[in-house]
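The following block contains the structure, expressed as structure tokens.
Just so it is clear, the values below take in all heavy atoms, side chains as well, and ignore hydrogens, waters and symmetry mates. Values in this document were obtained by computation on a predicted structure and should not be read as measured data.
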Amino acid sequence: MNSGLLGFAARLALSAAALWGAVALVTPGNPENTFGRAVLLSVVLSVAYYVTLAKFLWFLLLPWLLYVAVWLATIMGAYRLGFFQALLVAVGIGALAAMERT
């Protein structure tokens, strides 16, 4: 039981750190970019991943398009970013994930 909670907390912290770092890469000095906000958004986006059925219907295009729309709208609203800046945040998260794997 404790190992499951510990794993959840570790994954949440890594997800929030990646989001926090990606927003810092795209918009340095953004006053909205705090670790607490990144943790909250990581939880919200995790729930959205399940609600949009992208987790379960990964082989269909529509759930993924819906999840991407929710993700972009959430990031744009939370950090006051434009559409292309939010796309750059997604690229930044991908770059941070790629660096993490090496």
Side-chain angles (χ1 to χ4, degrees):
M1 172 95 168
N2 287 337
S3 64
L5 268 168
L6 185 60
F8 173 77
R11 185 173 176 179
L12 180 65
L14 286 173
S15 176
L19 180 59
W20 188 39
V23 172
L25 285 172
V26 173
T27 58
N30 185 343
E32 308 292 331
N33 190 20
T34 62
F35 189 72
R37 184 177 299 240
V39 169
L40 179 64
L41 287 176
S42 293
V43 170
V44 167
L45 292 172
S46 293
V47 170
Y49 183 61
Y50 287 94
V51 170
T52 60
L53 300 177
K55 166 83 173 153
F56 307 107
L57 301 174
W58 54 267
F59 51 89
L60 296 177
L61 183 61
L62 187 59
W64 281 103
L65 290 176
L66 183 59
Y67 176 67
V68 167
V70 168
W71 192 94
L72 287 171
T74 303
I75 296 300
M76 289 168 58
Y79 292 111
R80 299 181 187 187
L81 301 176
F83 177 75
F84 291 108
Q85 286 178 317
L87 284 177
L88 282 174
V89 168
V91 170
I93 288 174
L96 288 172
M99 288 184 344
E100 190 176 276
R101 290 183 189 137
T102 59

Partner of Arg37 by side-chain contact (heavy atoms from CB on, under 4.5 Å), out of Asn33, Leu41, Leu40: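 When Asn33, Leu41, Leu40 are each tested with Arg37, the side-chain contact (heavy atoms from CB on, under 4.5 Å) holds only for Leu41.
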
According to a 4.5 Å side-chain heavy-atom criterion applied to Ile, Leu, Val, Met, Phe, Trp and Tyr, with indirect links allowed, do Val47 and Met76 form part of one hydrophobic cluster?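 In one cluster with Val47: Met76, no.
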
Tell me whether Tyr79 shares a hydrophobic cluster with Val44, the cluster being built from Ile, Leu, Val, Met, Phe, Trp, Tyr side chains joined at under 4.5 Å.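 No, it is not one cluster - the side chains of Tyr79 and Val44 are not joined through contacts under 4.5 Å.
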
Check the surroundings of atom CH2 in Trp20: do more than 12 heavy atoms from other residues, nucleotides or ligands lie under 6.0 Å from it?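 Open.
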
Separation of Trp71 CH2 from Thr52 OG1 (nearest 0.5 Å):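 Thr52 atom OG1 to Trp71 atom CH2 measures 13.5 Å (nearest 0.5 Å).
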
Identify the heavy atoms of Ala22 and Gly92 that sit nearest to each other, and give their distance.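 Ala22 and Gly92 have their closest heavy atoms at CB-C, 3.9 Å.
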
Mind running side-chain contact (heavy atoms from CB on, under 4.5 Å) on Leu87 and Phe84 for me, showing each step along the way? CA-CA 5 Å; Leu87 284 177; Phe84 291 108; 4.1 Å; yes

So for atom CZ, which belongs to Phe56, do other residues, nucleotides or ligands contribute more than 12 heavy atoms lying within a distance under 6.0 Å?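 Above 12, so yes.
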
With hydrophobic residues grouped by side-chain heavy-atom distances under 4.5 Å, do Tyr67 and Val43 end up in a single group?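 In one cluster: no.
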
Are the side chain of Thr27 and the backbone N or O of Val23 linked by a donor-acceptor pair below 3.5 Å?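 Pair found, side chain donor or acceptor close to backbone of Val23.
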
Is it true that Leu19 and Tyr50 fall in one hydrophobic cluster, defined by side-chain heavy atoms closer than 4.5 Å?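 Yes, same cluster.
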
So which atom in Ala16 and which in Ala38 form the shortest heavy-atom distance, rounded to 0.1 Å?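 Taking every non-hydrogen atom into account, O-CB, 3.4 Å.
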
Could you go through the side-chain contact (heavy atoms from CB on, under 4.5 Å) check for Ile75 and Leu45 one step at a time? CA-CA 9 Å; Ile75 296 300; Leu45 292 172; 4.1 Å; yes

Just wondering, are more than 12 heavy atoms of other shown residues or ligands nearer than 6.0 Å to CZ in Phe8?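 Check fails, neighbour count at 12 or below.
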
Using a 4.5 Å cut-off on heavy atoms from C-beta on, say whether the side chain of Leu66 contacts that of Leu53.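 Heavy-atom side-chain distance check fails, nothing below 4.5 Å.
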
Same cluster (ILVMFWY, side-chain, under 4.5 Å), Phe83 and Ile93: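 They do share one cluster, since a chain of ILVMFWY contacts under 4.5 Å joins Phe83 to Ile93.
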
So which heavy atom on Ala17 is nearest to which on Phe35, and how close?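 Answer, listing the atom of Ala17 first, then Phe35: N-CE1, 3.7 Å.
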
Any side-chain heavy-atom pair of Val51 and Val70 under 4.5 Å: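 SC-SC contact between Val51 and Val70 ruled out.
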
